[in-house]
Every structure is written in structure tokens, then in C-alpha cells.
Amino acid sequence: MNNHLDYINHTHDFDFRDLTEGEIVYWGEVLLHTDSSITDKKKALGILAHVGNLTAYQSIKEYSRQPDEGLEEWAKLALGECTLFLHGELCGDDAKFVFTGVGANNDMLRIYFMLLTADEKNAFEAWQYSIIEKELSDIARNLDCEIEWFKHSDTYIGFSILMPVTVSLATFIEKGIADCNQFGSYLLEDYYAGTGVPDEQEIKEIIRIVRYGEEGE
């Protein structure tokens, strides 16, 4: 079975809403423990992906660096979803509708991404905007995605994309960042993804969280 569809079909029935911090830590340990079964690790990925707090995100991110054989796509999908839920509250209730299908087609998601400069003291240069747009557009086309628009700012670039539900956020954006950084490592590896377009005040808060985490100043 397609790993994307397998993930979607088997990770959305877990009860993750009332987990305590201790339980989140427990599932993180299950995920990272080498003796845990693949079945338990799949369950841990499904639960942690939808918790959407920093503890869950850090566990999934650590696991995604060296996932078990056969769980590579699961790890990418879980990390993408957890990233979306972690920052989603900044965009209001829209963040709850991750896999409902919106946009021009009912089997696609409209996602807003924000990429930041690697160094907050440096502004993007015109040639960097051009590379970002070209590389992301090429990847989107290869994955049957459609980028709707880009918006430039000095230290971030935002864009809206329509994505099939069978394409994980991480599969698209992490390759995009890596490809762009071949030209000088000017993009921060961490990024923002949400289902609504943030306003100016929300953008400031998003930038703070992406750069410094929930507890950052």
C-alpha cells in the first residue's frame, strides 16, 4: 500500500486530545526506543503528530533523522503534521482541517508556508528570491502540486500551495529548502506551515516561534 495513504488511513483514529505531558513523553520514548515494535512506533507517530506541542515535535524530529526501515515516509508525514499543528493555533480554527481537502479541488489542501533567512540579521537578495521560486515551483510540479502565489519580505518569503493529500508537507518543503541551500545555505531549515494566511501581527509571532521556539524571547 502507498505509504502516504497507509499513514493517513491508520493515524487519525488515536485519542490524542487529553494526553498529559507525561503521556506525551512516554510515547516519545516508545518512538525512540530501539526495542519498540514497528506497530508501537506507528502508533506513537500517529499520536505525537496530532498533539502538536514542542515535546512531541522534538521527539518526531529526532526520530525522523534515523527512522526504522519502512517508516521513512511515516516519519516525514508525522513531522509535517506536527509542525502544522504546533504553529496552527496562530492561524485560528482553520488549522483543525488538515486532511479535509480544500482549495480548487476537493482532494487537495491549501497550505501557507513561510521560509526565513538562515541569519536574522541578513535580508534576502533578489537572486535568492528567484532561486527559491524556481526550485519550489519545480518540486511542486513534480509532486503534482500547484503554487498559487509568493509574497516577499526582507527576512521571510511566504507562499500558498495546493497539495494532494497523498503528498506530505515535509516531502515537499524539506527538499525545497535543501535544494535552495545548495546555492549558499541562506534558508533556515525550520519553517512554518499553516492552513490560513496569517496577518502581520501573527507573522511576527510565527517568526519568533520558528527561530526561538515556544519559550523563546
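The line from CG of Asp138 to CZ of Arg141 is 4.5 Å long, rounded to the nearest 0.5 Å. The structure places CD1 of Ile206 at 10.5 Å from CD of Gln201, a figure rounded to the nearest 0.5 Å. Note that the CD atom of Glu202 and the CD1 atom of Ile207 stand 12.0 Å from one another [nearest 0.5 Å]. In this structure, CG in Leu31 is found 13.5 Å from NZ in Lys43, a value given to the nearest 0.5 Å. In this structure, Tyr192 OH and Ile111 CD1 are separated by 9.5 Å, a value rounded to the nearest 0.5 Å. Rounding to the nearest 0.5 angstrom, the gap separating the NZ atom in Lys134 from the CD1 atom in Ile139 is 10.0 Å.
Checked by atom type, the side-chain pair Thr155/Arg211 shows no donor-acceptor distance below 3.5 Å. Judged purely by distance below 3.5 Å, without hydrogens or angles, the side chains of Tyr57 and Glu62 never pair a donor atom with an acceptor atom.
Put simply, the side chain of Asp190 reaches to within 4.5 Å of the side chain of Lys61, judged on heavy atoms. Taking the side chain as every heavy atom from C-beta outward, Tyr63 and Leu71 approach each other to under 4.5 Å. In this structure the side chain of Leu116 never reaches within 4.5 angstrom of the side chain of Leu187, judged on heavy atoms. Residues Leu188 and Glu120 are not in side-chain contact: their nearest non-hydrogen atoms beyond the backbone lie 4.5 Å or more apart. Annotation: side chain of Gln182 is in contact with side chain of Asp179 (closest heavy-atom distance under 4.5 Å). Within the 4.5 Å cutoff, side-chain heavy atoms of Phe124 are placed close to those of Ile132. Within the 4.5 Å cutoff, no side-chain heavy atoms of Gln128 are placed close to those of Thr117. The closest side-chain heavy-atom distance from Trp74 to Asp68 is not below 4.5 Å.
Environment of CD in Glu21: crowded, with over 12 heavy atoms of neighbouring residues, nucleotides or ligands closer than 6.0 Å. Counting heavy-atom neighbours within 6.0 Å of His33 NE2, excluding the residue itself, gives a total of 12 or less. By the neighbour-count criterion of 12 heavy atoms within 6.0 Å, atom NZ of Lys175 is sparsely surrounded, having that number or fewer from other residues, nucleotides or ligands.
Taking every heavy atom of both residues into account, Ala56 and Val51 meet most closely at CB-CB, 4.1 Å. Across Leu48 and Ser59, no two heavy atoms sit closer than the pair CD1-CB, 4.2 Å. For the pair Leu136 and Gly176, the tightest heavy-atom approach, listed with the atom from each and the gap, is CD2-CA, 3.7 Å.
Taking the six-membered ring where the residue is Trp, Phe172 and Phe159 present perpendicular rings, their angle passing 60° and hence far from 30°. Using the six-membered ring where Trp is involved, Tyr112 and Trp149 have ring planes that are tilted, between 30° and 60° apart.
Between Glu200 and Lys151 a salt bridge is recorded (basic side-chain N to carboxylate O distance below 4.0 Å). Residues Lys204 and Asp199 are not paired through a salt bridge, judged by the lack of any N-O separation under 4.0 Å between the basic side chain and the carboxylate.
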Worked check of ring pair (Phe, Tyr, Trp, His ring centres under 6.0 Å) between Trp127 and Tyr186
CA-CA 11 Å; Trp127 66 269; Tyr186 53 87; 5.6 Å; yes
Run the numbers on Phe113 and Leu169 for side-chain contact (heavy atoms from CB on, under 4.5 Å), then give the verdict.
CA-CA 10 Å; Phe113 282 102; Leu169 304 185; 4.1 Å; yes
Show, in sequence, the C-alpha distance, side-chain angles and deciding distance for Arg110 and Ile161, and conclude whether the side-chain contact (heavy atoms from CB on, under 4.5 Å) test is met.
CA-CA 6 Å; Arg110 176 174 283 116; Ile161 183 172; over 6 Å; no
Would you sort out whether Phe150 and Tyr129 count as a ring pair (Phe, Tyr, Trp, His ring centres under 6.0 Å), showing the intermediate values?
CA-CA 10 Å; Phe150 287 96; Tyr129 288 130; 9.6 Å; no
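Not one N or O on the side chain of Gln58 forms a donor-acceptor pair closer than 3.5 Å with the backbone of Thr55. No donor-acceptor pair closer than 3.5 Å links the side chain of Ser153 to the backbone N or O of Tyr156.
Val25 and Leu79 fall into different hydrophobic clusters, defined by Ile, Leu, Val, Met, Phe, Trp and Tyr side-chain heavy atoms under 4.5 Å apart, directly or through other members.
No option in Lys41, Glu72, Lys76 other than Glu72 meets the side chain to side chain contact (heavy atoms under 4.5 Å, CB included) test with Pro67.
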